[in-house]
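Working notes for the structure below.
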Amino acid sequence: MEKVKALVADHSAFDSFHHTVITRRSLRADDVAIDIKYCGICHSDIAQVEMIDSFQHPVVPGHEITGIVSAVGANVKDHKVGDRVGVGCFVDSCGKCKYCKAGQEQFCEKGVVAVFNAPDYEGNITAGGYSQSLVVKDHFVLDIPDNLDLADASPLLCAGITTYNPLKSYGVGNGSKVAVVGLGGLGHIAVQFASKMGAEVTVLGHSESKRNEANQFGATSYENLKSDQDFDKLAGKFDFILNTVAVKLNLDNYLKLLNVNGIFCFVGLTAEEQEFNILNMFNKQATMTVSNVGGIAMTQEMLNFAAENDVRPMIEMIGIDDVPEAYQRVIDSDVHYRFVIDMSTLD
């Protein structure tokens, strides 16, 4: 057992964050110990903190973790001390069910164990990456390629796999005509992935402010959609639309943009009910779907692809004591485009 420093929130107000000490488990035979160097901030972190009052326990967030291996268990073969590694959304699964065996640990029948604020299989609540170190089962430790900066890699462990998974799973590639709804924390990475996969990428926005950056990320066009007429001129243009925004949309307008057999996929999620006329799907034999994060093998593939194709999140580096302000800025859409915490500031 090891005592390490961490940042914890006690209740839903962001000013409840404070420094504390938590206990990490002793190294098991199949464990990897990691000194955390960087941790990204995600909407999911914020959502968990906002719900703390219903959990009745403090929360150490963080699921976009990169660092250096400091120790390995006796049975670990794929990682060694000094390796550059990452840990994403989950840290354990049964390893035996059909989903685990298929590399889809996120759907584990026993219940995948999230990296923070979730009961592990011994009943302990997991603590995430806003801390000095982490101990993780080796299967859930990802290799960070040498030409991918650790800070840049952090957002890829959630935002990256969230966008890569549907693009890969639905066959986006050379000649695909793809639209990305929104150019935020998810969207700016999705544009890069789709472009590097060979697709013709259009960003669907609602203002002119991001037109130039959309092109820099690899988009071939940017459409500012404000009226029904703006949608009408794009009717039938896209094979695949990836919605990265967490707001209620006029889905009928977006469905008309699909080609025959086109796919509209949600990765930006909102609790608001979504409404649409099913005839707008019938007329195109369209598919509407939602994508989860990918499994461990897919996440490693994504990291390798990002390194090989120069896919880089645009990040703003902050210190650990800037977290409360950063949370509010994410809510206010005032981040360009992902916050990453320099965890050396926790010392």
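Predicted, not measured: the structure shown is a model, and the values here were computed from it.
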**Message:** Is it the case that the side chains of Ser12 and Asp53 hold a donor-acceptor pair, with the cut-off being a distance below 3.5 Å and no angle test?
**Reply:** yes

**Request:** Take atom NE2 of His206 as the centre, draw a 6.0 Å sphere, and report whether it contains more than 12 heavy atoms from other residues, nucleotides or ligands.
**Result:** no

**Message:** I'd like to know whether the aromatic ring centres of Phe339 and Tyr327 sit less than 6.0 Å apart in this structure.
**Reply:** no

**Asked** Step by step, would you call Asp321 with Thr345 a side chain to side chain contact (heavy atoms under 4.5 Å, CB included)?
**Response** CA-CA 8 Å; Asp321 292 328; Thr345 60; over 6 Å; no

**Salt-bridge present (Glu208, Arg211; N to O < 4.0 Å)** = yes

**Message:** For the CD atom of Gln274 and the NZ atom of Lys248, what is their distance to the nearest 0.5 Å?
**Reply:** 7.0 Å

**Inter-residue atom distance Phe140.CZ - Ser93.OG, 0.5 Å rounding** = 3.5 Å

**Message:** Are Leu257 and Lys237 packed together at the side-chain level, in the sense that at least one heavy-atom pair is separated by less than 4.5 angstrom?
**Reply:** no

**Item:** Intermediate values then yes/no, side chain to side chain contact (heavy atoms under 4.5 Å, CB included), Lys137 and Asp92
**Value:** CA-CA 7 Å; Lys137 183 184 286 190; Asp92 205 359; 2.8 Å; yes

**Asked** So, Asn309 versus Gln192: side-chain donor-acceptor pair below 3.5 Å or not?
**Response** no

**Prompt:** Quick one: does Thr66's side chain have a donor or acceptor within less than 3.5 Å of a partner on Leu150's backbone?
**Reply:** yes

**Prompt:** Are any side-chain N or O atoms of Thr126 and backbone N or O atoms of Ala118, one a donor and one an acceptor, separated by less than 3.5 Å?
**Reply:** yes

**Item:** Given Val85, Val76, Asp78, Asp31, the one that forms side chain to side chain contact (heavy atoms under 4.5 Å, CB included) with Asp138
**Value:** Val76

**Prompt:** Quick check: does any side chain N or O of Ser133 sit under 3.5 Å from a backbone N or O of Asp35, one acting as donor and the other as acceptor?
**Reply:** no

**Asked** Any sub-3.5 Å donor-acceptor pair from Gln300's side-chain atoms to Asp143's backbone N or O?
**Response** yes

**Message:** Taking the ring centre of each residue, are Phe217 and Tyr337 less than 6.0 Å apart?
**Reply:** yes

**Asked** Would you find a donor on one side and an acceptor on the other, under 3.5 Å apart, between the side chain of Arg338 and the backbone of Glu316?
**Response** no

**Message:** Under a plain distance cut-off of 3.5 Å, with no hydrogens placed, do Asp30 and Asn75 share a side-chain donor-acceptor pair?
**Reply:** no

**Asked** Roughly how far, to the nearest 0.5 Å, is SG of Cys100 from NZ of Lys110?
**Response** 10.0 Å

**Prompt:** Are the charged groups of Lys80 and Asp83 less than 4.0 angstrom apart, N to O?
**Reply:** yes

**Request:** Evaluate the criterion salt bridge (charged side-chain N to carboxylate O under 4.0 Å, His left out) for residue pair Lys96 and Glu109; output intermediate values, then yes/no.
**Result:** CA-CA 9 Å; Lys96 300 176 182 178; Glu109 291 180 336; over 6 Å; no

**Request:** Answer yes or no: are there more than 12 heavy-atom neighbours, outside Lys284 itself, under 6.0 Å from its atom NZ?
**Result:** yes

**Request:** Tell me, with the steps shown, if Ile241 and Val178 meet side chain to side chain contact (heavy atoms under 4.5 Å, CB included).
**Result:** CA-CA 6 Å; Ile241 299 176; Val178 172; over 6 Å; no

**Asked** Distance only, no hydrogens: is a donor on one side chain within 3.5 Å (strictly under) of an acceptor on the other, for Asn253 and Lys256?
**Response** yes

**Prompt:** In Å and rounded to the nearest 0.5 Å, what is the CG to CE distance from Leu7 to Met343?
**Reply:** 7.5 Å

**Prompt:** Got a donor-acceptor contact below 3.5 angstrom from the Thr202 side chain to the Tyr222 backbone?
**Reply:** no

**Item:** Greater than 12 external heavy atoms within 6.0 Å of His336's NE2
**Value:** yes

**Message:** Taking Lys98 first and then Glu105, would you say they form a salt bridge - that is, a charged N and a carboxylate O separated by under 4.0 Å?
**Reply:** no

**Prompt:** Does the Thr299 side chain pair with the main chain of Gly295, one donor and one acceptor, at a distance under 3.5 Å?
**Reply:** yes

**Item:** Test item: side-chain donor near acceptor, Asn117 and Gln48, under 3.5 Å
**Value:** yes

**Message:** Under the criterion salt bridge (charged side-chain N to carboxylate O under 4.0 Å, His left out), I'd like the reasoning laid out for Lys196 against Glu308: C-alpha separation, chi angles, the key distance, then a yes or no.
**Reply:** CA-CA 10 Å; Lys196 294 300 174 64; Glu308 292 165 5; over 6 Å; no

**Item:** Nearest-0.5 Å distance, CE of residue Met298 to CD1 of residue Ile161
**Value:** 6.0 Å

**Thr289 and Thr287: side chain donor to acceptor below 3.5 Å** = no

**Prompt:** Can we say Glu2 and Arg25 salt-bridge, meaning some charged N sits less than 4.0 Å from an Asp/Glu carboxylate O?
**Reply:** no

**Request:** For the pair Asp230 (side chain) and Lys226 (backbone), establish whether a donor and an acceptor sit closer than 3.5 Å, ignoring hydrogens and angles.
**Result:** yes

**Item:** Ion pair check, Lys168 and Glu301, cut-off under 4.0 Å
**Value:** yes

**Message:** Could you tell me if Gln216 and Asn212 have a donor-acceptor pair between their side chains, going purely by distance under 3.5 Å?
**Reply:** no

**Message:** What I want to check is whether the side chains of Thr23 and Lys3 have a donor and an acceptor closer together than 3.5 Å.
**Reply:** yes

**Asked** Within the distance-only criterion (no hydrogens, no angle test), does the side chain of His11 pair as donor or acceptor with the backbone N or O of Ala9 below 3.5 angstrom?
**Response** no

**Message:** Would you compute the distance between atom CZ of Phe305 and atom CZ of Phe193 and round it to the nearest 0.5 angstrom?
**Reply:** 7.0 Å

**Prompt:** So, Gln328 versus Asp332: side-chain donor-acceptor pair below 3.5 Å or not?
**Reply:** yes

**Side-chain ion pair, Asp310 and Arg312, N-O less than 4.0 Å** = yes

**Prompt:** Hey, is the main chain of Ile189 close enough, under 3.5 Å, to the side chain of Thr163 for a donor-acceptor pair?
**Reply:** no

**Item:** Any donor-acceptor N or O pair under 3.5 Å, side chains Asp239, Ser176
**Value:** no

**Message:** I'd like to know whether Leu225 forms a side chain to side chain contact (heavy atoms under 4.5 Å, CB included) with Leu234, so could you lay out the CA-CA distance, the side-chain angles of the two residues, the decisive distance to 0.1 Å, and finally the verdict.
**Reply:** CA-CA 10 Å; Leu225 302 179; Leu234 299 174; 3.9 Å; yes

**Message:** For the residue pair Arg24 / Ser131, report whether a side-chain donor-acceptor contact shorter than 3.5 Å exists.
**Reply:** yes

**Message:** Check this for me: Ile278, atom CD1, are more than 12 non-hydrogen atoms of other residues, nucleotides or ligands nearer than 6.0 Å?
**Reply:** no

**Prompt:** So do the side chains of Cys89 and Val293 get within less than 4.5 Å of each other, counting heavy atoms only?
**Reply:** yes

**Message:** Can you confirm whether the side chains of Tyr130 and Asp45 place a donor and an acceptor under 3.5 Å from each other?
**Reply:** yes

**Message:** Please check if the number of heavy atoms outside Gln56 that lie under 6.0 Å from its CD is greater than 12.
**Reply:** no

**Identified side chain to side chain contact (heavy atoms under 4.5 Å, CB included) counterpart of Ile41 within the set Val335, Val340, Ile318** = Ile318

**Item:** Aromatic plane relationship, Phe55 with His57 - under 30° parallel, 30 to 60° tilted, over 60° perpendicular
**Value:** parallel

